[in-house]
Structure formats: structure tokens, C-alpha cells
Amino acid sequence: MNLAPKTKYKQSLIKKQKMHGREEKMQAFGSLLDIMDELREKCPWDKKQTNESLRTNTIEETFELCEAIIGRDNDEIKKELGDLLLHIVFYAKIGEEQEAFDIKNVCDSLCQKLIYRHPHVFKNESEISSELVEQNWEQLKLKEKGGNKTVLAGVPSSLPSIAKAHRIQDKARNAGFDWTLREDVWLKVEEELEELKVEIKDMQIEKMENEFGDLFFSLINAARLYNINPDNALEKTNQKFIFRFNYIEQRAKELNKDLQTMSLAEMDILWEEAKQSPGRATRTR
């Protein structure tokens, strides 16, 4: 009996698609702009959209793209990139209507920034490491007119907490604030864990929450030091748990048992079965 989730990794990872030349790419982008113009003029829904009304959908599309990337599903990545590109073109069209900017201004601004922040490429400077490129990028951002005034100013306040912590630590590293030996970070993790245990004994909610935050922050720091993306790592664990719990639920139904009345020992047996199931590496949706 196949108990694996219905959605499996797509084989598009190895399926070769025809790649297109520059002229074809420009024609496709031009067609998108033409369609956007027509939608904005003729579609009742598209006509009434604003930057504010699109914002939530843009966030949703971004997370859907992230899900496709985690699932290594090239077909879905292509589709979600299109959805996100639509939003970029949409915002540019609204900017054009307001005579604030248009898609050319958006592209020009990006090109200027990329050239300015890659002097090692466009000014024929000596070859440097990717780590030094990243450090120089942050320093150049601070020098830009109208750019970030402080090292951490460029971290969006609306970022999810795990991603924000990772980005904060990364920016601090680029400014030279980092562990000399990455192994030392585990001493900090242990220290934060012990401090949390002390507060748990007293059951002071606010203090426990603060120490939990410190522990999370130190673990995210450890992940960064070992080149692990903490958000990706946690999401993989989320998907693994979803699959295994769904397995338990499905097997319980087949055994005519109710999860509410099953013992933890019975669930543990099914959990171990799930870990051995061939579907354990697939993602769920």
C-alpha cells in the first residue's frame, strides 16, 4: 500500500527545456507589459488595485515561491516566479499612472545599484572572495546617497523572526562583529539554555520568553556559522513532521482506531513506521 503523500518531487530537475535568446526574452517581457496595460484599462478587478491592496498578495506569492524552491519543483518555481513578476510589473504600472516611476526607472535603478556594488566586476578590480564581496556590498550600501544610515537599518522590520535574526547576524558579521572560532558559539548556546532552565524553575512567563528568545537567537547564530539556513532547516522539519503525523492518522483509520484514544506507545510504533516509509523525503502541500 502506498502511503506516501500524493505530491512528490517533480522530475523537472533533470528535464531540459529550450532556452531562449535575448530577443525572444525581450519580446516576452514586452508582451507582459502590453497585457498589463490592457488589464489595467479593461479589467474591473485590475483597475481598482492599489499598492496597498496588492501588498498581502505579494507576500503570499513570495511564500509560495519559497515553498516551490524548498520542494525543488522547477515547474512550480517557474509558475511562482511568473506570479511574482506580475506583481512587480503591476506596481510599476501603478507608479507610471502616478507619474512617480515606470518599469524602465525600476530597471535603471537596479542596474545602477548592481554596477556600483560590484566594482570588482565592472571596474576591473582584482579578483576577490565571495565573503569579501558580501562585506564590500554592505559597506557600499552605507556610502550610498539616501542609503542605510546604520549597518542594521537595511533589515526589514516586517521580516519573519527567524529570517530577521539570521539577516541581523549576517550584517553584523559583514561589519566584523563575529566569533573568532565558530566552535565557541556552542558555549553561548549552552549558556542560554542554562539561563532558560533557571527561569523555568520560577515559571515567570516574561523572563522565560526572554530567555527562549536568547536561546533561539544563539541557535540561529550557530546555524549561520555552519552555513545552515535556519528557516530552510526548520521548514524541512515542519514538512517531515507533517508527513509522519499524516501517516499516523491514516494508519489509525485503517486500523479502525481513533487518535484521541490511542496510547502514546501505539503512536510511537506508527511514527517509527513513518520514518521508514519511502515517502518520507517528499513534501506535502
Side-chain angles (χ1 to χ4, degrees), residues 17 19-37 51 54-55 58-59 61-66 68-70 74 77-160 163-178 224 227 229 231-232:
Q17 299 286 336
M19 297 295 101
H20 302 89
R22 173 61 66 87
E23 185 176 346
E24 291 176 296
K25 294 174 184 176
M26 297 303 293
Q27 287 176 348
F29 190 67
S31 295
L32 174 59
L33 295 180
D34 290 341
I35 291 171
M36 185 73 256
D37 288 344
N51 286 339
L54 289 171
R55 176 181 171 277
T58 305
I59 295 171
E61 297 296 352
T62 303
F63 277 103
E64 288 179 357
L65 172 60
C66 292
I69 292 171
I70 289 173
N74 278 345
I77 291 173
K78 176 181 67 177
K79 180 173 79 69
E80 299 302 341
L81 280 171
D83 291 344
L84 201 53
L85 179 58
L86 170 62
H87 280 246
I88 293 171
V89 171
F90 213 143
Y91 288 119
K93 178 62 178 175
I94 293 172
E96 181 178 345
E97 293 168 353
Q98 297 173 347
E99 298 184 353
F101 60 88
D102 60 20
I103 192 66
K104 182 181 183 302
N105 300 130
V106 173
C107 293
D108 287 347
S109 177
L110 175 59
C111 290
Q112 291 166 10
K113 179 166 63 176
L114 290 174
I115 291 170
Y116 175 73
R117 294 187 187 175
H118 292 83
H120 55 288
V121 175
F122 297 103
K123 291 188 178 180
N124 298 318
E125 293 186 1
S126 58
E127 185 174 336
I128 58 177
S129 68
S130 61
E131 290 78 12
L132 189 55
V133 168
E134 195 170 0
Q135 291 176 19
N136 289 346
W137 177 281
E138 296 296 339
Q139 292 303 314
L140 288 168
K141 285 173 69 174
L142 291 174
K143 294 178 182 178
E144 287 176 9
K145 183 179 180 180
N148 299 326
K149 303 301 181 184
T150 65
V151 171
L152 300 181
V155 180
S157 59
S158 58
L159 267 182
K164 184 190 291 186
H166 189 263
R167 194 73 184 107
I168 286 169
Q169 294 167 1
D170 212 34
K171 281 182 172 289
R173 172 184 66 85
N174 288 330
F177 188 76
D178 204 2
R224 177 187 61 82
N227 299 316
N229 184 299
D231 194 69
N232 288 347

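Below, each value reflects all heavy atoms present in this structure, side chains not excepted, and no hydrogens, waters or symmetry copies.
- A donor-acceptor pair is defined here as one N or O able to donate and one able to accept, closer than 3.5 Å; no such pair exists between the side chain of Asn232 and the backbone of Asn229.
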**Request:** Assess whether side chain to side chain contact (heavy atoms under 4.5 Å, CB included) is satisfied between Lys171 and Val155, documenting all intermediate values.
**Result:** CA-CA 9 Å; Lys171 281 182 172 289; Val155 180; 3.4 Å; yes
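- Leu110 contributes atom CG, which lies 9.5 Å from atom CD1 of Ile115 (distance to the nearest 0.5 angstrom).
- For the atom pair CG (Leu85) and CZ (Phe29), the distance works out to 6.0 Å, reported to the nearest 0.5 Å.
- In terms of the side-chain hydrogen bond (donor to acceptor under 3.5 Å, both in side chains) criterion, Asn51 has no residue partners (sequence neighbours excluded).
- In this structure Glu97 satisfies the side-chain hydrogen bond (donor to acceptor under 3.5 Å, both in side chains) test together with Arg40, sequence neighbours excluded.
- In this structure, the side chains of Val106 and Tyr91 stay at 4.5 Å or more apart for every pair of heavy atoms.
- Considering only heavy atoms from C-beta on, Phe90 comes within 4.5 Å of Met36 through its side chain.
- In terms of the salt bridge (charged side-chain N to carboxylate O under 4.0 Å, His left out) criterion, residue partners of Asp37 (sequence neighbours excluded) are, by chain and number, Lys93.
- Two residues are said to be in side-chain contact when any heavy atoms from C-beta on lie closer than 4.5 Å; Thr62 and Ile59 fail this criterion.
- Residues Tyr116 and Cys111 fail the side-chain proximity criterion, which asks for heavy atoms closer than 4.5 Å.
- For the side-chain hydrogen bond (donor to acceptor under 3.5 Å, both in side chains) test, residues two or more places apart in sequence or in another chain that qualify with His87 are Thr58.
- Of the inter-residue distances, the one linking Arg173 atom CZ with Ile168 atom CD1 reads 14.5 Å to the nearest 0.5 angstrom.
- Side-chain contact between Asp83 and Leu65 is absent, with no heavy-atom pair separated by less than 4.5 Å.
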**Asked** Would Phe177 and Val151 count as a side chain to side chain contact (heavy atoms under 4.5 Å, CB included) if you check the C-alpha gap in whole Å, the side-chain angles of each, and the deciding distance to 0.1 Å?
**Response** CA-CA 11 Å; Phe177 188 76; Val151 171; over 6 Å; no
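- Between the CG atom in Leu84 and the CD1 atom in Ile77 there is a gap of 12.5 Å [rounded to 0.5 Å].
- Closest non-hydrogen pair, Glu80 versus Ala68, comes out as CG-CB, 4.4 Å.
- Taking the salt bridge (charged side-chain N to carboxylate O under 4.0 Å, His left out) definition, one finds that Asp178 meets it with Arg224, sequence neighbours left out.
- Glu24 places a side-chain N or O within donor-acceptor distance of the main-chain N or O of Gly21, the cut-off being under 3.5 Å.
- We find the NZ-CG distance between Lys113 and Asp108 to be 13.0 Å, quoted to the nearest 0.5 Å.
- Scanning both residues, Leu159 and Arg167, for their nearest heavy atoms gives CD1-CB, 4.4 Å.
- Contacts of Gln27 classified as side-chain contact (heavy atoms from CB on, under 4.5 Å), with partners at least two apart in sequence or in another chain: Glu23.
- Taking CG from Asp102 and CD1 from Ile94, the interatomic distance works out to 13.5 Å, rounded to the nearest 0.5 Å.
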